[in-house]
Every structure is written in structure tokens, then in C-alpha cells.
There are 2 protein chains.
Amino acid sequence: MSNDDKQNKTHRLILMPSGRKGDVPHGITLLDAARSLGVELEAICGGRQTCGRCQVVHERGTFAKHGITSGDDHLSAPGENEIAYAAAHDIDLSQRRLACAAQVIGDVLISVPPESQAHKQVVRKDARDITIRLDPAVRLVYVEVEPAEMDGVSDWQRLQAALASQWDLTDVTIDHVVLIDLQQALRDGDWALTVTLWKNREVIRVMPGYVDELIGLAVDVGSTTIAGYLCDLLSGRIIATESMMNPQIRYGEDLMSRVSYGNTEPQGVNRLNRAVIKAINDLARAVTDKAEIDSRSITDSVLVGNTVMHHLLLGIDPVQLGAAPFALAISDTLDLNARDLGLSAFHPAAKAHILPCIAGHVGADNVAVLLAELPNLDDHVTLIVDIGTNAEILLGNRDRLLSASSPTGPAFEGAQILHGQRAAAGAIERVRIDVEEGTTRYKTVGDDRWSDQVAEGESLTATGICGSGIIEIVGELFLNRLIDSTGLFADDADQRHPAVRQTGRIKEFVLVSGTQTAAGSEIVVTQNDIRQIQLAKGALYAGVRLLMDRLGVDHVDRIKLAGAFGSYIDPFYAMLIGLIPDCELENVEPVGNAAGDGARIALLNVSQREIARQESRKVDYVETAIEPDFQAYFVDAMDLPHQSDPFPHLVDYLPPRQPRSSRSTRRHRRA
Amino acid sequence: MSNDDKQNKTHRLILMPSGRKGDVPHGITLLDAARSLGVELEAICGGRQTCGRCQVVHERGTFAKHGITSGDDHLSAPGENEIAYAAAHDIDLSQRRLACAAQVIGDVLISVPPESQAHKQVVRKDARDITIRLDPAVRLVYVEVEPAEMDGVSDWQRLQAALASQWDLTDVTIDHVVLIDLQQALRDGDWALTVTLWKNREVIRVMPGYVDELIGLAVDVGSTTIAGYLCDLLSGRIIATESMMNPQIRYGEDLMSRVSYGNTEPQGVNRLNRAVIKAINDLARAVTDKAEIDSRSITDSVLVGNTVMHHLLLGIDPVQLGAAPFALAISDTLDLNARDLGLSAFHPAAKAHILPCIAGHVGADNVAVLLAELPNLDDHVTLIVDIGTNAEILLGNRDRLLSASSPTGPAFEGAQILHGQRAAAGAIERVRIDVEEGTTRYKTVGDDRWSDQVAEGESLTATGICGSGIIEIVGELFLNRLIDSTGLFADDADQRHPAVRQTGRIKEFVLVSGTQTAAGSEIVVTQNDIRQIQLAKGALYAGVRLLMDRLGVDHVDRIKLAGAFGSYIDPFYAMLIGLIPDCELENVEPVGNAAGDGARIALLNVSQREIARQESRKVDYVETAIEPDFQAYFVDAMDLPHQSDPFPHLVDYLPPRQPRSSRSTRRHRRA
């Protein structure tokens with residue numbers, strides 16, 4: 001075959017695992033050939049055989065199914081650069097080739113390993129099969145710029161020309177702070193640069209020479225905890241995670257006390273704003289320290305939070321969120337320069353994307369939950385509750401989604417409970433009561449043993465009761481009929497279990513005796529503690545019930561419990577006390593920090609941000625605070641598990657329902 | 001005529017002074033009718049009869065030329081609102097009407113006073129007839145927003161809806177810092193707002209209720225002086241001006257010493273940057289104090305400066321401008337948030353527009369000069385020199401424009417001159433020498449009298465010599481043949497004028513005796529002072545000559561002297577010593593701070609910014625530092641007025657040219 005013949009010839013190329021195939025011209029590089037068949041390979045260096053990201057496997061042999069023989073000599077032999085790169089990076093060129101170097105000179109079957117695929121699928125959660133396509137808002141490109149000459153052309157113009165000719169990127173702008181680094185970077189890199197581009201239209205970082213570092217941070221700003229997920233935006237992997245207390249707590253535990261602080265203290269909003277911004281900066285430094293990288297490598301970020309956190313993050317007084325009509329200053333997506341928020345730990349030209357809010361009490365964190373859990377794509381009716389100081393509720397399916405916020409208060413976080421505490425080592429998280437034996441067992445956070453499994457002479461050093469523990473205690477008291485469905489201790493409770501103690505007309509349950517606690521004092525559950533939990537669960541349930549009414553359903557197919565509290569509680573007890581409505585227990589699932597997951601999804605895939613924006617507008621918001629039905633539902637929902645709703649999936653477990661005495665009803669109503 | 005008939009009827013409307021005419025429907029408001037004929041009237045309030053900006057005059061009578069009778073009752077009678085507005089603002093409704101209120105119900109002739117015209121023509125300089133159309137990048141609009149309801153719609157969405165429905169403005173964004181003020185402003189203004197919009201697409205300020213305040217600042221950042229022009233962007237008028245020393249002077253008098261400081265001192269660039277930013281903030285506060293307004297009312301600004309100032313303003317190390325190839329980091333126009341530059345005295349969401357640079361040594365200040373002087377629209381060949389520490393030169397006409405920078409050094413500013421000083425009270429600025437009488441007369445800045453007009457016993461308290469004084473002294477010494485064309489004192493100079501003093505082999509000229517000065521010491525002009533002026537003017541002239549060569553012209557039609565120094569010097573003496581090339585003296589014109597004028601033009605009219613951008617790209621830059629011819633021109637140009645160029649317009653004034661002695665030539669070359 002003459003050279004001319006060869007040059008007019010085409011060869012069959014098969015790409016695995018996609019199975020894409022086609023005839024490609026003789027001599028084309030695998031990189032270009034793959035692109036022509038719609039398969040994008042990674043290539044930061046632009047085909048210069050220097051980044052090594054486009055490695056592919058040449059599969060040899062006869063593939064009858066595809067009708068080709070993929071011969072040894074069907075790819076061009078490695079050249080000097082490819083051999084040099086392979087030697088430096090320990091690559092066996094008989095197995096792997098750089099797609100930007102290897103030319104197709106015969107039929108070939110090529111495997112593209114996952115790490116070489118552009119927009120690779122990133123497994124989002126180990127335990128679940130939802131994947132997300134990697135396509136962040138920022139990308140790296142390597143360019144070689146014409147050195148400066150005496151022609152009056154600025155260095156930026158030279159870089160623009162290089163971006164246009166080498167990457168076909170036109171109309172690109174540059175953040176002016178990057179200009180501060182540009183000239184030195186060009187000269188340090190001998191006129192070669194790795195450029196970080198935002199949305200293919202703005203240069204936000206320049207690094208001398210070839211560098212493969214692209215770092216993003218997803219942040220979930222909770223009222224109590226701020227969580228950060230540091231992500232490698234080239235692989236999609238989480239590099240490190242870190243969380244810390246929201247320092248605003250010192251200005252008020254719950255949201256409304258912070259709103260009030262902002263509104264009444266001079267410079268209150270400013271102080272709250274600075275506290276949360278400093279915390280995010282600290283978090284960024286801590287999480288990058290863990291990964292041993294510079295926090296100023298962070299060039300993109302996504303931030304979510306409830307509406308009060310959202311406003312305080314932006315420096316906006318949340319006072320309007322404290323009273324009807326609960327008007328947000330802004331609900332739409334924001335694309336900001338991180339420096340404008342004061343996020344000085346990030347790269348000076350880093351971006352901060354803020355997911356949209358839905359309404360006055362349903363924030364960007366809930367939109368993130370939506371992105372992560374996708375109830376909008378499901379035929380089944382899903383209920384998602386994210387329980388914090390406020391419970392944010394999403395209910396619906398692909399046809400319609402509703403949202404609401406219920407003022408549960410901080411009882412589930414251990415506040416307003418006599419011996420309540422946050423979930424930390426020593427907190428009681430599991431409880432079992434046995435009236436037959438007259439015993440009580442419990443487990444504490446950080447210890448696998450039940451209290452009755454501890455060796456003689458040793459004891460679990462319990463420090464208090466956390467949210468999940470409280471729920472189990474109330475559930476167990478109810479199961480054992482030590483309290484009735486109105487939540488009151490039964491008249492005979494103290495006779496039926498030795499831990500029930502009566503002082504005057506008041507009963508209480510001694511969960512741990514003084515000898516078994518860290519502090520040497522008892523841990524007790526009081527009638528008031530039970531009432532606090534009833535109030536909290538009643539509020540949540542009333543919100544859920546209201547949304548179910550609005551959606552026109554009397555049961556839900558699936559329940560997802562989001563947030564730290566949601567991950568700890570036992571769905572059985574949650575349903576037993578009527579925190580959530582009736583459902584197949586196996587369809588009740590803790591989903592962890594779904595808000596953080598959603599923030600990370602929006603960080604890894606820019607089109608998810610637009611999806612979040614559109615979906616957030618479709619969600620119908622129900623304002624519980626002004627719904628006349630809410631109060632009625634709330635009162636009904638105080639009972640265990642509920643005054644009138646059936647709980648078919650619990651029925652075998654429930655104690656026989658006692659006729660409600662007029663006395664207890666009155667007491668109940670008075671609460 | 002029935003109502004139906006009326007409603008189908010049209011009337012003839014004549015608008016003066018534009019002369020626009022047309023038939024408009026019965027009942028249309030004058031505001032809408034004028035708009036339909038292409039005449040835009042001012043209307044911040046959007047036709048609500050509250051801003052009073054659309055006042056017009058109803059001219060009554062029969063206008064044969066136009067074929068109409070403009071009758072008393074051809075406009076609708078004033079309604080309640082218009083009467084109330086007129087009463088409150090002392091408007092005679094029989095003379096003036098609000099165009100947004102008055103309806104056309106018959107043929108009318110209307111005069112639109114200049115102040116009611118949108119995009120009015122602003123007279124730019126009192127002394128000149130160039131006008132600029134007022135069309136700033138920012139504008140005010142008044143909107144009435146729907147009060148918040150319990151519908152989950154954010155306040156920003158409500159404002160967006162109002163902007164769309166009341167002003168047809170869609171796709172408007174909001175700077176997130178404005179969100180901080182939005183909710184309070186809406187409530188303080190009872191849901192009425194005056195919004196400042198940037199380029200009709202971004203909300204950058206919100207003020208409760210109706211406010212007619214739109215303020216911009218034009219800043220010329222010179223190496224020595226920073227000048228600010230505070231402008232009312234509703235009228236186009238300058239409200240106040242202020243200037244101050246550039247505090248960078250403490251780090252180096254001339255540009256190259258500042259470049260060197262930035263490059264060698266730790267944090268040098270940062271320090272230079274902070275110094276100039278602080279100065280602009282101080283200037284903004286000073287100039288707004290003068291006008292008794294808050295500096296945070298400034299919502300738009302235009303900044304210009306030479307290339308080193310330009311880079312330092314942006315925080316960019318100018319080190320590349322100190323050596324070939326003199327690469328700029330960026331030459332293109334920049335639209336920035338003023339806060340990103342640290343301009344904290346401005347409104348937090350104010351804009352800063354930076355005009356483009358031309359090349360390494362021809363900066364945004366020169367582009368501003370181009371905007372102000374428009375050599376690019378002229379058939380004649382204009383030379384514009386802006387003399388500072390560097391002289392920036394523009395030469396050409398509508399066909400072609402060339403630019404260059406000449407390293408004149410700071411001699412013209414009084415530096416490197418024994419008794420030199422800046423132009424301030426007490427500085428000698430005019431000098432006349434008479435060899436016949438053996439006398440010398442002078443004038444000082446801040447005093448109208450010549451030194452020989454002072455009463456007996458009194459004297460002018462001279463403190464030193466400023467740039468224009470130095471030039472006149474050298475010119476007068478040359479005219480009186482006390483120095484020869486090489487700049488050396490003539491051998492017989494001390495015999496011909498008593499002020500020439502010989503000490504050893506050195507001669508000098510005693511301009512003021514010790515008894516007449518403030519400090520009690522003499523003011524003397526030395527041989528070295530003359531040499532410094534020769535070096536400075538030689539550098540400037542060589543740059544001009546180089547550009548003339550490149551343009552292919554041997555004379556210029558017009559010379560404009562820009563900058564403070566250019567305004568002080570007498571064109572005759574400037575030409576006499578060969579600072580500028582030969583030209584009709586009446587065509588040599590000082591144009592003041594043309595760079596500041598240009599900045600102001602770009603502030604007042606947004607399309608001038610695009611013109612600046614386009615024109616700056618068309619200018620051909622000549623880098624004097626690497627032109628082989630430059631050195632030769634420079635050496636030739638040391639002579640007074642010039643070794644070989646003819647100065648036909650000076651010939652009558654020049655002393656007879658003496659044959660150049662080999663001695664003096666040698667001395668000259670040695671310099």
C-alpha cells in the first residue's frame with residue numbers, strides 16, 4: 001500500500017466500555033478520533049503529551065463480534081515525548097498509550113479506563129447507586145503563550161490569543177486580581193501556564209507551567225454545625241471532610257433567637273455575619289490542612305444553609321424572616337466572588353455559588369436535599385424530613401412537590417430536656433425498658449456495649465441523653481404503658497417499674513442512678529421532658545400531615561430522615577412516638593447529611609445548579625405559621641403516636657389504646 | 001364632535017427646538033407623544049407626576065410655518081396631582097406643564113427646555129464649543145413595588161417584577177451588597193424605591209422613596225497630582241473638584257524610581273497600591289465634603305493614569321514596564337466594582353471604569369486626552385504633548401495617530417534644578433531680562449505684579465523657580481545672547497549683564513538677590529540648570545521628531561499643551577527653546593488637564609468608553625527607548641532651539657546663529 005493509499009484510507013475504531021464505533025482517517029490521534037465518535041477524554045495539556053490524563057489501553061486480538069483484528073502495529077509507535085513521559089511516570093507503553101500521541105494506522109479496539117474519561121461518573125455515596133457526571137463550573141487548560149515582544153501587546157492579550165488558538169476559547173475575561181499574578185507566572189513558567197477557567201469564560205487562576213490541581217469546597221452551613229467537603233474536581237473524589245460548631249451559637253441557640261439578636265443588638269447582623277464567615281474560613285483552612293494543600297487552591301465553592309443562615313452569610317438582616325409575611329430578601333441562585341463574602345481563605349478569585357431558597361422558611365439546604373434525594377424523579381410519594389432546630393419537610397413525587405417548615409424547637413438536639421445533651425461521647429442514644437424484670441438498659445455514643453454487658457465493677461460513664469435516646473425512652477415508656485397515649489405517667493407506673501419515682505404529685509423516670517454517671521448524679525426523665533418531645537414531634541407531624549392533606553394522600557411510600565439527628569434515630573421509635581407518619585419500616589431510611597451531598601453535587605456538576613434553580617421554583621411552599629389547620633393538627637399530633645391517625649405498621653407493637661379520660665384531655669389541652 | 005370621534009382623532013404635535021413633528025393620537029400624554037417622535041424627556045418617576053423632570057413649555061398661538069394653531073385648551077387641564085406638584089415646587093402651570101400629565105387634545109407646539117431633555121448636551125469647557133451628550137452608565141428609576149405577601153416571593157423578585165412592568169427592564173441583576181439594604185429601603189419608602197441601575201442591567205443602589213441623586217467621580221491619577229471631578233450625572237455639571245499630591249511620591253519622585261521601589265522593597269507594590277487607593281478615598285471624601293454630600297453617594301467612577309499608575313492602582317507590579325519589551329499586564333478597558341480596588345469611600349456597589357492603555361509607556365491618561373481633544377476627528381495634523389515626569393505624545397489626524405513617550409525627567413516640575421520648585425505661591429513663573437538696562441524682572445505665582453512694579457520698600461517674596469519660569473529664563477538668556485545655541489554661557493556674558501557672575505571657570509545667573517527672597521538667600525540659575533532643561537526638552541523634542549518622521553510630516557498644524565505644566569508655559573518660550581516644533585504661535589494652545597477632561601467625558605457618556613477602547617487600538621505606538629534614531633534626534637535637539645530644524649515662526653526673534661566652535665561642540669557632546 002502506497003503512502004497515498006494509506007492517507008485516503010480509514011480504519012475501524014471501537015471504544016470500550018461505551019461501545020462507540022466508527023471509521024476514522026488514517027493517522028488521526030486516538031484523542032481526536034475518540035472525540036469524533038463522541039467520546040471525550042481528559043486532556044488538560046491540550047495534546048502536548050505532558051499531562052498523561054488521556055491514557056488508554058490498546059486491546060490486542062481478533063474481535064469477531066466487532067469484525068476487526070486489533071493488531072500490535074495498528075497504532076503508531078511511541079515517539080520521543082511519549083517515551084519520555086512514560087519513563088518518567090512508570091507507564092508500560094505496551095499496555096497503555098497516550099491517546100493524544102498514538103495515531104490510528106489500522107483497526108483497533110481501545111478501552112478507556114474510567115480515570116481517562118472526561119465528565120466521568122462519580123459514585124456519589126458508597127452505599128447507593130446514584131452517580132453524578134463530573135462537569136464542574138471550573139476547568140484547567142494548559143497553554144503556551146507567545147513571549148512578549150516590543151509590539152505594545154499586553155500579556156493578557158497574548159494569553160487571550162493562546163486560549164483562542166489552542167483551545168478555541170474566545171470572549172474570555174480575566175478577574176483583575178489574577179492580573180496581579182499573570183506576568184510573574186508567565187515568566188516563571190517560561191511562557192507556559194495552567195489556567196483555571198470558570199464556565200469557560202473567565203480566567204480565575206494562573207499557575208506557571210503544567211499543574212493538575214483543581215479544588216472545590218462544598219459547605220453546608222447548619223444552625224449548629226458547619227460541614228465542609230473538600231473535593232478534587234479532576235477526579236470528583238472527596239479529599240477531606242471537616243466540620244465545626246457554628247460560632248453563631250454564642251448569640252443564640254435557635255434561629256429565632258439569632259434573628260432577634262441581629263435585630264436588637266447594635267452591629268448584631270454584622271457580628272453574626274462575621275462569625276459565620278470566619279468559621280467557613282477556619283473550616284477551609286482546617287480541611288485543606290488535613291489534605292496538605294493550600295486553602296488558596298480552592299477556586300470554586302457551593303454553599304447551602306437554611307434561610308436565616310443564607311441571609312446571615314450574605315450579611316442580610318434576617319429580621320423579615322422572623323414575622324409574617326416572612327419575606328426573603330432574595331431566593332434566587334447567586335454566583336458571587338468568594339472574596340465579596342469575605343472568604344479570604346479561598347483563592348482571591350474563587351467563586352461562591354449559593355443554591356436558591358424556596359421560601360421564607362425553606363432554604364438552600366432543602367434545595368440541596370432535593371438535588372441529593374431526587375423525590376422529583378420518583379413515582380412514589382416520598383417524605384423527606386431534615387430535622388434540626390427547624391424541621392424542613394419535602395413531600396411529593398414527580399408530579400408535585402410540597403415543602404414546609406415546622407418549628408420543632410431544639411428538643412431533639414437535647415436542649416430543653418433536663419438531662420439532654422448533644423450527640424457526643426457519653427450521651428445515651430439507645431434505651432430498653434423491661435417491666436417484667438424491672439430493669440433498664442442503655443447504650444452511650446462511642447461505646448458498643450449495652451449497660452448490662454459491662455463487666456463487674458465497670459460502668460458506662462453516661463453524661464446525659466441525646467435526641468435519639470430521648471425518643472427511645474419515650475417510646476419504651478409508651479410501649480410498656482408506663483406513660484399513656486397523652487404522655488402522662490400512668491397512675492400505677494411507680495408500682496410497675498422501680499425506676500419510676502413519685503415525688504408529691506410528680507412522677508419521673510430514673511434512667512441512670514448516680515453511681516453510674518460521669519458526674520456522680522442521676523440521669524432522670526421528667527414529665528416535662530416527655531412533654532417537650534411531644535411538642536416537638538407534634539409540630540413536625542402537624543407539618544407533615546398538612547402537606548399530606550395538600551397533596552391529597554393519606555400515606556407516604558417512603559420516608560427519608562436527613563441530617564445528623566435523622567441518621568441516629570431508630571425509625572421504629574420515630575414512628576412509635578408519631579414523629580413520622582405510618583410507613584413500611586423498611587422504607588424509612590436515614591440519608592445522612594443530604595444537604596451537604598446536594599451542595600457537593602452542585603459543586604461537581606454545573607448543570608445541577610440550573611436544575612436546582614428550576615426545581616426550587618416548582619416546589620409549592622406551605623407556610624405552617626398561618627395555616628389554620630396547623631394548630632388543630634398540632635394538638636392532635638401531641639398524642640402517642642397520634643390521636644386519630646391509624647398506624648397499621650405499628651399496630652402489633654402498640655399498647656392497647658386506653659379510653660382517654662376527660663381529665664387527661666384537659667391537662668393535655670392546657671399544655 | 002362625539003367622544004368616539006375624538007378618540008379616533010389625531011393632532012399635530014411640534015416639538016422645539018428639535019423641530020420634530022408628527023400626528024399623535026388624541027389623549028396621549030406629551031411624554032409618550034414626544035417619545036413616539038423620537039424625543040426622549042427626562043422622567044425618573046416613570047410618569048407619576050412626582051419628579052418634575054419632564055417640564056415643558058406650551059407655546060400658544062398660530063404658527064403659520066407649521067400650519068397649526070396651538071390653542072389654550074389644546075392640552076388637558078391640570079389634574080389634582082399636577083396642581084399639587086406645581087404648588088409645592090412653585091411652577092406656573094400656565095407656562096409650564098408636566099409632560100407626563102398633560103394630554104394632547106388639539107394641535108400643539110411644545111418647547112422642551114434643555115434641562116428636560118434626556119441625554120442633554122453638556123457644555124464641556126466654558127471656553128470651547130465641544131459638547132458631550134449626557135448618557136452615563138448609571139441611571140435612576142423610581143418604582144412602586146407590590147408589598148410582600150405570604151406567597152414565598154422574595155423582595156428582589158417583587159422589585160424585578162416592578163422594573164419589568166413599570167420600566168420594561170428585564171434580565172436585571174442585583175449586586176448582592178445591595179440586598180443588604182433592599183428590605184429596609186422598601187419598608188422605609190412604603191414600597192416605593194429609587195433604584196440606581198448600571199447599564200440598565202444591574203441594580204447597584206436602592207433608596208427609599210423618590211430621590212434624585214446620581215453622582216459620579218472622574219479621577220486623573222497623575223504621578224505627582226491626583227485630581228478628582230465630582231459630577232452630577234443628572235445634569236452633567238461638575239459639582240466640585242479637588243486635587244491632592246500623589247502620596248507615592250514619598251517612595252520615589254519619578255515613575256522609574258517607584259517601579260524600582262516596588263520591585264526591590266518587600267511589600268513595595270502593596271505599599272504603593274495602598275497609598276494611591278487611600279489617596280483616592282481621601283480625595284473622594286474631600287470633594288464630596290466640599291459639595292456637602294456623602295461620599296457613599298458615588299455610584300460610578302472613571303479612573304485614568306499613566307501605565308505605571310494604572311498598574312499600581314490595580315495592585316499589579318509595574319516591574320515589566322521598567323525594561324524592554326515593556327509588557328503591560330493588561331491594556332484593555334476594565335469595568336470593576338470599586339470595592340475590589342479598595343475604594344471604600346464610594347458606595348459599596350459603585351463601579352470603577354478604567355480607560356484602556358495604548359502600550360507600555362502610553363497609558364489610560366493619554367487615551368483620555370485623545371477623548372477630550374479628538375485629534376482623530378481632525379483633518380489637520382495635531383501634536384498633543386502631556387508633560388509630566390514622562391511626556392506622552394500624540395501626533396496625527398483622522399487618517400492616522402501615533403503615540404510615544406519621552407523620558408523628560410522631572411526638570412520641568414522643578415526637580416534637579418538648583419532653586420527649582422513646584423508651581424506654588426512664591427515660585428517664579430515669568431522672567432524678562434534686559435541687557436541694555438542691565439535689569440531682570442520676574443513674576444511669582446499668586447501675584448499679578450512684575451517685580452519692578454512693587455512699591456518702594458516692598459518686594460515679591462520669591463521662593464524658587466517653577467517649570468515655566470525656568471523655560472522663560474533659558475529663553476531670555478538665549479534671546480539676549482547671554483547663552484549660545486549650545487546652552488553655554490557666552491564668554492562675554494558677565495560683561496554684558498551684571499547678574500551674570502563668574503566664579504572660577506563657572507558662570508551663573510543671579511535671578512534674585514538675597515534681600516528679595518523669602519529665605520534671604522539668592523535664587524540662581526546655574527550652567528547645570530540650563531543643561532537639565534536642555535536634556536528634558538531634547539528628549540521631548542526627539543520623541544516628537546520621531547513621530548513626525550513616522551507620520552511623514554515636516555510640520556504640525558496645531559499644538560496642544562496638556563497638563564498643569566502645559567497650562568503655565570508661554571508657547572513662545574516653549575518654541576524658542578525648542579521644547580515644541582515650529583508652528584503658528586496662535587495654533588499653540590494650552591488645554592489644561594485634558595486627561596481629567598477625558599475621564600469626565602467617559603463618566604458622562606457611556607458610549608465614549610467604547611470609542612476610547614476602539615480608538616486606543618488604532619493608535620500606533622512608537623517605543624522611543626529602542627528606536628536607533630531617537631538618540632541621534634536627542635543629541636541634535638539639545639541645541640537652542642534645535643541644531644538643524646528651521647523655526648520659521650521664530651526667525652524674527654532668534655539671535656543671530658553663531659558659528660559653533662569645536663570647543664563648545666565637544667563640551668556639548670560630553671554632557
Side-chain angles (χ1 to χ4, degrees), chain A residues 147-160 173-184 186-187 269 273 311 314-320 324-332 334-337 339-341 354 356-362 403 619-623 625-626, chain B residues 147-160 173-184 186-187 269 273 311 314-320 324-332 334-337 339-341 354 356-362 403 619-623 625-626:
Chain A
E149 280 178 40
M150 197 87 74
D151 52 7
V153 174
S154 71
D155 283 354
W156 164 234
Q157 280 172 294
R158 287 176 215 282
L159 173 54
Q160 279 178 305
T173 61
I174 186 166
D175 188 309
H176 83 280
V177 304
V178 181
L179 290 170
I180 294 171
D181 301 327
L182 177 63
Q183 297 198 297
Q184 198 59 45
L186 279 169
R187 284 148 186 91
V269 172
N273 170 256
H311 276 40
L314 294 164
I316 303 170
D317 189 341
V319 63
Q320 296 300 331
F326 312 106
L328 288 160
I330 188 166
S331 55
D332 207 355
L334 282 163
D335 272 314
L336 304 176
N337 291 320
R339 65 171 175 267
D340 273 343
L341 293 176
I354 317 242
C357 294
I358 293 175
H361 289 138
V362 183
S403 76
V619 176
D620 287 330
Y621 175 64
V622 177
E623 176 56 63
I626 53 148
Chain B
E149 280 177 38
M150 196 89 71
D151 52 8
V153 174
S154 72
D155 283 354
W156 164 234
Q157 281 172 292
R158 288 176 214 282
L159 173 54
Q160 279 178 305
T173 61
I174 186 166
D175 188 310
H176 82 281
V177 304
V178 181
L179 291 170
I180 295 170
D181 301 327
L182 177 63
Q183 297 197 298
Q184 198 59 46
L186 279 169
R187 284 150 186 90
V269 172
N273 168 254
H311 275 41
L314 293 165
I316 302 171
D317 190 341
V319 63
Q320 296 301 330
F326 311 105
L328 288 160
I330 188 166
S331 54
D332 205 355
L334 283 164
D335 272 315
L336 304 176
N337 291 321
R339 64 172 176 265
D340 273 343
L341 293 176
I354 318 241
C357 294
I358 292 174
H361 290 138
V362 183
S403 77
V619 176
D620 287 329
Y621 174 63
V622 178
E623 176 55 62
I626 53 149

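Any value given below was found using the heavy atoms of this structure, including those in side chains, with hydrogens, waters and symmetry copies removed. Order of the sequence lines sets the chain letters (A, B, ...), proteins ahead of strands, with each chain counted from 1.
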A.B. asks: Could you tell me which non-hydrogen atom of A:A327 sits nearest to which non-hydrogen atom of B:Q183, and how far apart they are?
C.D. replies: O-NE2, 2.9 Å
A.B. asks: What are the two closest non-hydrogen atoms of B:G152 and A:A359, and how far apart are they?
C.D. replies: CA-CB, 3.9 Å
A.B. asks: Looking at B:L159, B:N337, B:L179, which has the largest count of heavy-atom pairs under 4.5 Å with chain A?
C.D. replies: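 Among the listed options, the one with the most contacts to chain A is B:L179.
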A.B. asks: Taking B:D175, B:L336, B:L186, B:D181 one by one, which has the highest count of heavy-atom pairs under 4.5 Å against chain A?
C.D. replies: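 Top count of heavy-atom pairs under 4.5 Å with chain A: B:L336.
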A.B. asks: Sequence neighbours excluded, which residues qualify as side chain to side chain donor-acceptor pair (under 3.5 Å) partners of B:D317?
C.D. replies: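 Side chain to side chain donor-acceptor pair (under 3.5 Å) check on B:D317 returns nothing, list empty.
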A.B. asks: Side chain, backbone, both or neither: which part of B:I626 has a non-hydrogen atom closer than 4.5 Å to chain A?
C.D. replies: side chain
A.B. asks: Quick check on the interface: out of B:L334, B:L314, B:L341, B:D340, who has the most heavy-atom pairs with chain A under 4.5 Å?
C.D. replies: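 Option with the top pair count is B:D340.
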A.B. asks: Drop me the distance from B:D332's CG to A:T173's OG1, to the nearest 0.5 angstrom.
C.D. replies: 10.5 Å
A.B. asks: Quick one: which of B:E623, B:Q157, B:Q320 has the most heavy-atom pairs under 4.5 Å with chain A, could you say?
C.D. replies: B:Q320
A.B. asks: Using side-chain heavy atoms (C-beta onward) and a distance below 4.5 Å, is B:H176 in contact with A:I330?
C.D. replies: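 SC-SC contact between B:H176 and A:I330 ruled out.
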A.B. asks: Using a cut-off of under 4.5 Å on heavy-atom pairs, state which of B:S331, B:A148, B:A329, B:P147 scores highest against chain A.
C.D. replies: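 Heavy-atom pair counts peak at B:A329.
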A.B. asks: Just so I understand: if I count every heavy-atom pair under 4.5 Å between each of A:R187, A:Q184, A:E149 and chain B, which residue has the most?
C.D. replies: A:R187
